[in-house]
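Each remark here refers to the structure printed beneath this line.
What you see is a predicted model, and the numbers here were worked out from it, not measured in a lab.
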Amino acid sequence: MELTPQQLKQYDGSDSSKPIYVAIRGRIYDVTTGKSFYGPGGSYCVFAGKDASRALAKMSKNEDDVVPSLEGLSDKEIGVLNDWETKFQAKYPIVGTVTSN
């Protein structure tokens, strides 16, 4: 399955009939089983329906950081992102990719 960033936004947990998706490096993970974290009111709800690569790398929940761009990240931040990606791969199924438009 391929989704545009706009389509991905539909999977932010606001519609309980749809799964909750979070993307990292363009890969979409179904995080519905973690809806207490990623669903509305959850501590990581800001990531739902978006590519959260930059925010995860920076350990940030700032809305401005919830973007796919890795530009300007330090080696340490890329390492943090790699760790997050490994955790997601172990815990959540990959269901698709984010297209560029």
Side-chain angles (χ1 to χ4, degrees):
M1 167 178 63
E2 289 188 348
L3 297 175
T4 65
Q6 197 63 35
Q7 291 169 321
L8 181 61
K9 287 180 184 177
Q10 298 172 35
Y11 300 93
D12 65 357
S14 59
D15 180 343
S16 61
S17 70
K18 291 183 179 175
I20 302 171
Y21 293 160
V22 172
I24 301 175
R25 287 189 172 140
R27 281 193 209 100
I28 302 168
Y29 295 84
D30 182 339
V31 300
T32 307
T33 58
K35 73 174 156 199
S36 60
F37 299 107
Y38 300 102
S43 51
Y44 298 113
C45 65
V46 69
F47 303 148
K50 300 183 183 106
D51 188 316
S53 298
R54 184 174 198 81
L56 290 169
K58 294 171 74 75
M59 301 287 285
S60 167
K61 291 194 225 172
N62 183 327
E63 189 83 42
D64 294 338
D65 289 326
V66 187
V67 295
S69 172
L70 304 180
E71 191 175 323
L73 293 178
S74 69
D75 289 344
K76 182 179 179 191
E77 289 168 330
I78 293 295
V80 169
L81 179 58
N82 291 341
D83 290 345
W84 273 109
E85 197 168 23
T86 300
K87 285 178 185 140
F88 269 66
Q89 287 170 351
K91 197 167 184 179
Y92 303 115
I94 296 172
V95 295
T97 56
V98 182
T99 61
S100 53
N101 53 8

Determine whether [X] and [Y] make a side-chain contact, defined as any pair of heavy atoms from C-beta on separated by less than 4.5 Å.
X	Y	value
D30	I20	no
Q10	D15	no
L3	I28	yes

Same apolar cluster (I L V M F W Y, side chains within < 4.5 Å links), [X]/[Y]:
X	Y	answer
L56	Y92	yes
V95	F88	no
Y29	L8	no
W84	V46	yes

Original post:
Using a distance-only test with no angle check, is there a side-chain donor-acceptor pair under 3.5 angstrom linking N62 and R54?
Top reply: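 N62 vs R54: no donor-acceptor pair found between side chains.
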Original post:
Taking the six-membered ring for Trp, are F37 and Y44 parallel (under 30°), tilted (30 to 60°) or perpendicular (over 60°)?
Top reply: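 Aromatic pair F37/Y44 classed tilted.
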**OP:** Give the ring-plane orientation class for Y38 versus F47, where under 30° counts as parallel, over 60° as perpendicular and anything between as tilted.
**Re:**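 Tilted: the ring planes of Y38 and F47 meet at 30° to 60°.
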Does the [X] side chain pair with the main chain of [Y], one donor and one acceptor, at a distance under 3.5 Å?
X	Y	value
K87	D83	no
K61	S43	yes
S53	R25	yes

